[in-house]
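All ligand and atom numbering here is 1-based and tracks the order in the structure. Keep in mind it's a predicted model, so treat the numbers as computed, not measured.
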Amino acid sequence: MEVWQEQLQSALKNPKDIESFFGVEFPEVPYPILIPRNFAKEIFSQGPDSALWKQFLPTDYEIDQKGEVDPLFDQMNKATGQLIHRYENRVLFMPTTRCPIICRYCFRKNELYDNSLDLFDTEYEKVVHYLKDNSSVNEIIFSGGDPLMLSDQKIKSYLESFAQIESIKNIRFHTRFPVILPQRLSENFIETLKIFESHFENIVIVIHLNHPEEVTPEFKKVINKIHKYSKVQLLSQSVLLKNINDNEDTLYKLFTQLNQLNIRPYYLHHPDNAKGAQHYKLTIEEGYLIYNKLRKRLSGWQLPQYVKEGPKGQGKAPVFVNLPQEKL
Ligand SMILES: *Cc1c(COP(=O)(O)O)cnc(C)c1O
Ligand code: SF4
C-alpha cells in the first residue's frame, strides 16, 4: 500500500473520530465525514475560525432541508452511468464517487456515497462505445468523486484505452489531492502521465482550492515537482464561499500565490443551490462586486472566470450583473 492510501485508511471517518481528535463536540449530520489525519493537523493548527475548519468540519447548518439534491441536473445529462455529456466537445468521466476528504460545501454531497442513484456502476465498455459513437468529443475530464483516488495502474489503463480512440485529444483531471494529500502526486504518478504526453495534445490538472491557507509548503513542493518533471498544465478552480473567501483581499492573495506557482486560475464558481450547503451561499450581486474589485487589481490572465451554473442544467456561464456605476 502506498503512503497516501495508508493515510486514507487511517483517516478520521465519524463523529467520534473528529471529536477525540479536535477535542470539541460536533453535531450529527446526515452526510459522511472524512479527513486524513495529516490534514486534520493542519486544520487544528489553523483553529476554529479558520477557512480550513469552516470548509471541512460539520455544523448544524447542514441539517437544513432547503436546496436541491442534484443542483447541476447531472442526472438529466447522463450519457452512461459514468459519463456526463453536456457540452459537445467534452465529457465528464466519473470513475469513482470517493474523495480524499469530504468538503462540507460540496454540491455533490447528496450523490457521493449514494449508490441508489446508480451514478457510477455501469460497465466501462459502455463508456468506450459511447466515445467511439460520438466523435465530437475530444476531451475527457476525469472527475468524480476525485479521480486520483484510483491507483496509478488504473489511471494508466484508462489512459491507454482513451489513447486508442482517435477523436480524444485532451485529458483533464479535476482533483483536490494536491492540497489534501500531496504525496498522492508521486514520481510514479507523474511518470504515468508522462507516458501519455505524446499521445494527447494536452494533459491538464485542475486543482480545487479555495483559500490561501491551503497553499502549504507541501503543496508548493509538489507543484514545483510536477512543473520540473512534466509538461502537464496546471489550472485551479475555486468556489466562492460565504465567510470563507468572499472578500477581495483573500482572493487576491490566493490568485497571486497560484500565479507565482505557475498555476493559472481557471474558474471561480458561484456556489450551487445544494441541499445541506445553504450556509455557504451568497448572492450573485455580492459575488459580482467582489469580482469586479479583483478585475482592477489583477490582469486578465491572472484572474479566473467567475461562473455560475444555469438553473436547469444548461451548464456554466460567466456571471454578469448590470449594477449601477456608483456601486462598482
Ligand atoms: C463543468 C463541466 C465541464 C467542464 O467545462 P469547462 O468549461 O470545459 O471547464 C464539462 N462537463 C460538465 C458536465 C460540466 O459540468
Ligand atoms: S473533493 Fe470535490 S467532490 Fe469531493 S467532497 Fe470535496 S467538493 Fe465534493
Return the option from Val91, Asn89, Leu92, Val307 holding the heavy atom at the smallest distance from atom 11 (N) of ligand 1.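 Among Val91, Asn89, Leu92, Val307, the closest heavy atom to atom 11 (N) of ligand 1 comes from Leu92.
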Backbone or side-chain N or O of Tyr266 under 3.5 Å from ligand 1 N or O: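 Yes; the residue has a nitrogen or oxygen that sits under 3.5 Å from a nitrogen or oxygen of the ligand.
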[Y] versus [X], side-chain donor and acceptor atoms under 3.5 Å:
X      : Y      : value
Ser157 : Glu160 : no
Asp152 : Asn188 : yes
Gln55  : His211 : no
Gln278 : Asn273 : yes

[X], portion touching ligand 1 at heavy-atom distance under 4.0 Å:
X      : value
His85  : neither
Ile141 : side chain
Glu139 : neither

With a cut-off of 4.0 Å, which atoms of ligand 2 are near a heavy atom of Ile101?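 Those atoms are 5 (S).
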Would you mind running through ligand 2 and noting each atom that sits below 4.0 Å from a heavy atom of His208?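 Atoms satisfying the 4.0 Å criterion: 7 (S).
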Proximal atoms of ligand 1 relative to [X] (non-hydrogen, under 4.0 Å):
X      : value
Arg172 : 4 (C), 6 (P), 8 (O), 9 (O)
Arg86  : 12 (C), 13 (C), 14 (C), 15 (O)
Ile84  : 13 (C)

Does only the side chain of Cys103 get under 4.0 Å from ligand 2, or the backbone, or both, or neither? Count heavy atoms.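 Both backbone and side chain.
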Determine whether a donor-acceptor pair (N or O, by modelled atom type, separation under 3.5 Å) exists between the side chain of [X] and the backbone of [Y].
X      : Y      : answer
Arg37  : Ser10  : yes
His227 : Leu261 : yes
Thr96  : Gly144 : no

With respect to atom 8 (Fe) of ligand 2, please indicate if Cys106 possesses an N, O or S atom at a distance under 2.8 Å.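 For Cys106, the answer is yes, given that an N, O or S atom comes within less than 2.8 Å of atom 8 (Fe) of ligand 2.
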In the single-linkage hydrophobic clustering (I, L, V, M, F, W, Y; side-chain heavy atoms under 4.5 Å), do Ile244 and Ile35 co-cluster?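 Ile244 does not cluster with Ile35.
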Just to check, does Arg176 reach to within less than 4.0 Å of ligand 2 when the distance is taken from its heavy atoms?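 It does; at least one heavy atom falls under 4.0 Å.
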Begin with the C-alpha distance, continue with both residues' side-chain angles, and end with the deciding distance and a verdict on salt bridge (Lys or Arg N to Asp or Glu O under 4.0 Å) for Arg297 and Glu248. CA-CA 10 Å; Arg297 295 173 68 187; Glu248 180 192 344; 2.9 Å; yes
